[in-house]
Amino acid sequence: MDKKKKKTRIAAIGDIHVRDTDKGKWTDFFKDVSADADVLLICGDLTDHGRASEAEILSQELRACSIPVVAVLGNHDYDHNENDAIRTVLAQAGVNMLDGDMIVLEGVGFAGVKGFGGGFNRAMLAMFGEPMMKQFVQEAVDESLKLDGALSRLETEHPDVPKIAVLHYAPIAATIEGEPEAIYPFLGSSRLAEPLERRQVLAAFHGHAHVGTLEGETAKGVKVFNVAKPLLQKLDKPIPYYVLEV
């Protein structure tokens, strides 16, 4: 008799913005999500002001989490140039920090990058003009290439596992709808969608757009979920998260 593969429940949240004053605030959240899922994704903006001290608070709160955690940094985590220290603190606490890296957990492959802005589709910024504008575009290109590299390694080393992308910035415009159109170029880039489609990713999760839309898909049908905490607070949970079964 063929045994059906056990479903993996992936919980996701972004933009938790942990502060120095948050000691004890997240314990119930991590207990709750541990009972409800097999893996937790945190899609950037782990800290509020980009301080390593905030990451220390988060690492203490994570003691209540009994499932694997996968995370990427967000723009807030870079604000005081302590991003390397934040990454180190959380990695030492057992968080699988991804930045062009991949990992397989519970039979599912995860690849992650922060991502960057640049706009979407025909309004996407091109490599043209002043050096600073070219540098802005190059950052989005580099993040896309890092994501593609991680997904490529997943394909090569684990060809049979479903692939999930973990981002902070949005890869499509559909999941940032609700935000002012004037700031779309700073919320994500279509360049991030290219590797999702090329590598046949099952789903992608991001945050960053606090006033966006929960779900959308790329032109080729890759599911994309905006799991920014302010958006997820519309769900029926005190401290919400989104769960996808794979």
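All values below were derived from every heavy atom in this structure, side-chain atoms included, with hydrogens, water molecules and symmetry-related copies excluded.
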What residues, two or more places apart in sequence or in another chain, satisfy salt bridge (Lys or Arg N to Asp or Glu O under 4.0 Å) together with [X]?
| X | result |
| --- | --- |
| Glu130 | none |
| Asp99 | Arg87, Lys146 |
| Lys223 | Glu215, Glu217 |

Self-check item: Minimum-distance pair of heavy atoms, taken over all atoms of Arg9 and Asp36
Solution: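 Closest approach of Arg9 to Asp36: NE-O, 2.7 Å.
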Quiz item: Shortest non-hydrogen contact from Leu151 to Pro195?
Solution: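 Looking at all heavy atoms of both residues, the closest pair is CD1-O, 3.7 Å.
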Take atom [atom1] of [X] as the centre, draw a 6.0 Å sphere, and report whether it contains more than 12 heavy atoms from other residues, nucleotides or ligands.
| X | atom1 | answer |
| --- | --- | --- |
| Arg153 | CZ | yes |
| Gln135 | CD | no |
| Met133 | CE | no |

Quiz item: Asp15 pairs by side chain to side chain donor-acceptor pair (under 3.5 Å) with which of Lys229, His76, His210?
Solution: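 Looking at Lys229, His76, His210, the match for Asp15 under the side chain to side chain donor-acceptor pair (under 3.5 Å) is His210.
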Quiz item: If you look only at pairs with a residue in residues 163-197, which of them pass as a ring pair (Phe, Tyr, Trp, His ring centres under 6.0 Å), with sequence neighbours excluded?
Solution: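 Listed by first then second residue: Phe116-Tyr169, His168-His208, Tyr169-His208.
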Quiz item: What residues form a side chain to side chain contact (heavy atoms under 4.5 Å, CB included) with Glu197, not counting sequence neighbours?
Solution: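 With sequence neighbours excluded, Glu197 shows a side chain to side chain contact (heavy atoms under 4.5 Å, CB included) to Thr218, Ala219, Lys220, Val222, given in chain and number order.
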Self-check item: Salt-bridge present (Arg51, Asp20; N to O < 4.0 Å)
Solution: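 No, Arg51 and Asp20 are not salt-bridged.
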Quiz item: Between Asp38 and Lys6, is the closest basic N to carboxylate O distance under 4.0 Å?
Solution: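 Result for this pair is yes, salt bridge flagged.
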Exercise. Determine whether Leu40 and Val18 fall in the same hydrophobic cluster, where Ile, Leu, Val, Met, Phe, Trp and Tyr are linked whenever their side-chain heavy atoms lie under 4.5 Å apart.
Key: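 Hydrophobic grouping puts Leu40 with Val18.
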Quiz item: Are Val201 and Leu244 connected, step by step, through hydrophobic side chains (Ile, Leu, Val, Met, Phe, Trp, Tyr) whose heavy atoms are closer than 4.5 Å?
Solution: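 No, because Val201 and Leu244 fall into different hydrophobic clusters, even though each may have its own neighbours under 4.5 Å.
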Exercise. Just jot down the side chain to side chain donor-acceptor pair (under 3.5 Å) partners of Asp84, sequence neighbours excluded, or say none.
Key: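 Once residues adjacent in sequence are excluded, Asp84 has no partner under the side chain to side chain donor-acceptor pair (under 3.5 Å) criterion.
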Quiz item: Going by the angle between their ring planes, with limits at 30° and 60°, are Trp26 and Phe29 parallel, tilted or perpendicular?
Solution: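 Taking Phe29 first and then Trp26, their aromatic rings stand perpendicular (interplane angle over 60°).
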Quiz prompt | Euclidean distance, Asn83 CG relative to Asn81 CG, rounded to 0.5 Å | solution =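 CG of Asn83 is found 6.5 Å from CG of Asn81.
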Practice problem: Check whether any side-chain N or O of Ser34 sits under 3.5 Å from a backbone N or O of Phe30 as a donor-acceptor pair, and report yes or no. | Solution: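 Checked: pair present.
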